[in-house]
Amino acid sequence: MAPDGKPNAKQSVSNRSISRRSALRGLGAASLVGLAGCTGGSNNGDGGDGGGASGPDKITIGLQADMTGVLASYGYWHKRVLEGYVEELNANDGINGAEVELVVEDTATDSKQGVQAMRKLVQQEGADFVIGSQSSGVSIATNPLAKQLKVPYFPIGEAPSITGADGTRWTIRNNHSTNHAAILAVQYGLENLGKNWTIMYQDYAFGQQYTEWVKREVEGSGTVLTEIPVPVGTSDLNSYLNKVPDDTEVLFNALVGPSALNFLKQSADLGTSGARLGPIASVEGVDVSGLDAGADGAAYVTMLPRRLEEADNEYNRHLRDIARVDESDQVLNGGHYFVSYEALSWIKDAVTETGWSSESDNQAFIEWFETGPSVEQSNAYPQGKKMFRGTDHQAFMDMYIEEISGGKLTVAEHIEVSEPTFDAQSDLSAMSF
Amino acid sequence: MSTAVSTAGRTLKPRHAIWVLLLIAAAIVPFVAGEFGLFLGASILALGLYGASFDLLYGYTGLLSFGHSVFFGVGAYAATFAINDYAIGAITSLLIAFIITGIVAIGLGLIAVRVSSHGFVIVTILLALIAHLAASSLTGLTGGTDGLTVLVPMVNLPVLGEFTLFDPMFRYYFTLVVLVVSLFLMYRVTTSPVGLAYRMIRENEKRARLLGYNVTLYKLSAFMLSGAFAGLAGALSMYISGFVSASEFSLTVSGDAIIFTLIGGRGTLIGAVVGAALIELVANQVSELTDAYPLFIGVLLVTTVILEPEGLLGLLKRVKERVLSDDSAEQTESASSREVPGNE
């Protein structure tokens with residue numbers, strides 16, 4: 001097909017077919033070797049479509065990590081804390097005597113790449129259980145694949161539909177759902193901040209879902225004056241802040257990235273009405289000591305305070321030791337990093353309780369979560385007590401309201417949760433395996 | 001000594017050997033690869049088609065488009081809607097993706113190909129940005145960045161029966177067949193008089209105009225064909241992953257097509273497939289060693305552009321030419337030594 005394939009060249013080629021063949025053979029071989037490197041199953045080699053059946057002497061945990069992309073700070077901490085936890089488990093006889101191996105694949109915070117990472121973890125690395133991405137998009141995209149591969153999947157994404165319309169029987173979420181956080185934030189806001197609400201949100205799934213649930217919860221006990229969508233990546237928020245009604249008492253903000261940070265400064269500069277309240281994701285990974293004084297007073301709903309002083313107990317100290325928090329120069333994603341750690345604790349408990357030894361026990365493993373297990377705060381569950389609802393495989397836990405004060409995040413309120421905060425959106429336990 | 005082999009379609013010549021050998025190599029992959037290898041292999045084939053479709057535009061016509069992701073995304077979504085909303089079969093949905101993307105490409109091409117080379121680049125970047133923003137915002141329709149899951153229906157093949165794309169082996173061969181047929185069609189275009197006109201436009205657009213060619217029409221046809229095959233690749237990619245999201249429209253996806261083509265060798269079609277295979281395999285292997293694997297891709301690209309602008313196939317060609325010229329020189333020398341005076 002070479003455009004310059006002239007008669008002379010053709011004759012020369014036919015006389016030198018060995019050289020040509022050698023070169024092409026090399027190229028072809030390189031491709032095959034590359035793919036052959038993907039023959040899968042580092043430890044099982046059973047060739048099944050399902051999770052790698054590691055022998056009872058080893059349990060492989062996959063981490064579908066957002067190591068690059070917009071959620072890279074989450075991936076960094078989830079990987080770091082799991083590495084430490086696996087090391088500790090193995091130093092203490094693993095899980096039921098089985099050595100624990102951690103394998104990590106990057107999602108690049110992209111749904112498609114996340115799905116590919118899941119395939120690689122299971123089909124190539126032989127993961128028995130997979131702890132999922134922080135990205136809701138990746139979690140939602142991976143749910144059906146987990147079912148197809150027959151591997152228990154612990155997504156960390158927070159979209160309600162992950163354990164709702166987009167869930168499968170193989171989905172188990174020990175992280176909170178957006179609606180859980182929204183409901184408790186509204187409860188706090190109505191009791192402490194006011195009845196007239198304005199919602200400013202990043203105009204994509206994350207912000208839209210918070211808006212939907214905040215609106216639903218405020219109605220009846222208060223009023224949502226207006227909703228202000230902000231396009232993703234917007235830095236200058238002046239024109240959006242000017243739309244905030246003067247009688248706003250609570251300015252709920254579900255913003256991320258540059259929008260979230262500029263919101264703090266510009267709302268203070270403009271003297272925008274309303275106490276600022278939002279999810280911790282807005283400032284996760286951000287050094288709040290470097291923020292303008294205008295950030296003071298902004299409050300966030302979170303699962304675990306970022307600073308040890310705000311929840312100083314032996315379990316939290318142990319968690320921080322495991323994650324080597326003090327040795328890292330990265331700002332701690334305090335509200336989220338324990339979730340992957342606790343996912344492994346849940347796996348450990350379920351394996352122990354069900355006597356799991358291979359993928360043939362996966363059904364029993366999942367059914368154990370459908371019995372609605374609950375745990376108390378401990379080294380394994382440093383965030384605090386929590387319970388699973390068997391119907392939708394969704395965990396519930398206490399939450400905190402943290403407030404920026406003098407360049408620090410301090411706890412304004414600890415909200416105790418003793419029962420599910422919302423109705424199950426789907427009955428995953430009734431689905432087929 | 002003749003080395004040409006006649007086939008029903010046309011004559012196979014020695015220069016087609018790389019196509020044949022790569023096809024043989026691709027055909028035996030399922031016998032050496034595991035399940036993930038088959039998935040990765042199918043993904044590479046779909047991306048190879050995507051790269052080749054870009055090469056048709058850039059490598060042959062010289063139009064450097066940064067908006068190729070638009071066609072990839074449109075194709076993926078067209079097939080998704082055909083399956084999810086209209087319960088249309090897998091093969092028909094592929095054809096629908098091909099046709100709809102071709103139509104979209106004509107519409108966008110009417111805007112893009114009328115402007116000068118730099119203007120074309122800027123317009124195509126803007127098209128990709130607008131498409132990405134729109135797809136991300138229209139979450140009710142596209143699923144936004146969270147995307148949509150697609151249950152691809154069974155593939156009905158006459159005589160052979162029904163097959164599921166969940167079967168890794170079938171999925172791989174199905175993708176391979178679509179790629180081979182597409183490459184063959186694109187190759188026929190590039191070796192036809194239309195293809196010659198494309199190359200003339202690439203080499204000297206002004207001269208092509210002076211010779212009476214309707215350059216805009218030829219560019220538009222290249223844009224349409226290239227877009228349609230990119231759409232087909234997008235749909236195929238969705239078939240493999242069972243998933244589609246707004247990120248299909250991102251500039252990074254456009255960049256992938258450019259990288260595949262530059263690394264593999266432009267103006268060759270098959271080079272983009274080789275480039276896709278190399279990049280995907282390197283990314284897959286290096287990502288196990290470091291999170292900074294995109295840097296390796298960047299280094300590979302920069303190195304290729306600086307040291308071997310014609311890509312891997314260009315390198316192969318140069319090596320071959322060097323070997324041949326050395327051997328020719330030896331032959332000439334050898335023949336000279338056997339020459340009988342007065343026998344000229």
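Predicted model only: the values in this text are computed from it and were never measured. Any value given below was found using the heavy atoms of this structure, including those in side chains, with hydrogens, waters and symmetry copies removed. Labels below follow one simple rule: chain letters A, B, ... track the order of the sequence lines, proteins then strands, and each chain is numbered from 1.
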A:Ser111 side chain to B:Thr145 main-chain N or O, any donor-acceptor pair under 3.5 Å? yes
Pick from B:Ser237, B:Ser241, B:Ser245: which one makes a side chain to side chain donor-acceptor pair (under 3.5 Å) with A:Lys112? B:Ser237
Nearest 0.5 angstrom please: A:Thr142 OG1 to B:Phe243 CZ, how far? 8.0 Å
Apply side chain to side chain donor-acceptor pair (under 3.5 Å) to B:Ser250 and list each qualifying residue two or more places apart in sequence or on a separate chain. B:Thr252
Give, as side chain, backbone, both or neither, the part of A:Gln202 having an atom under 4.5 angstrom from any heavy atom of chain B. neither
Do B:Leu40 and A:Gln116 have side chains that get closer than 4.5 Å, going by heavy atoms? yes
If one checks every heavy atom of A:Thr68 against chain B at 4.5 Å, the contacting part turns out to be side chain
Per-residue contact mode, B:Ile240 against chain A (heavy atom under 4.5 angstrom): backbone
More than 12 non-hydrogen atoms from neighbouring residues, nucleotides or ligands closer than 6.0 Å to CZ on B:Phe170, yes or no? yes
From B:Phe36 CZ over to A:Arg119 CZ, what is the distance, rounded to the nearest 0.5 angstrom? 8.5 Å
Reported CG-to-OG1 distance for the pair A:Asp166 and B:Thr149, which is rounded to 0.5 angstrom: 6.5 Å
Taking atom CG of A:Asp203 and atom OG1 of B:Thr139, what is their separation to the nearest 0.5 Å? 7.5 Å
Neighbourhood of chain B inside residues 69-82 of chain A, taking heavy atoms under 4.5 Å as contact: A:Lys79
Return the minimal non-hydrogen interatomic distance between B:Asn284 and A:Gln124, and the atom names on each side. ND2-OE1, 4.2 Å
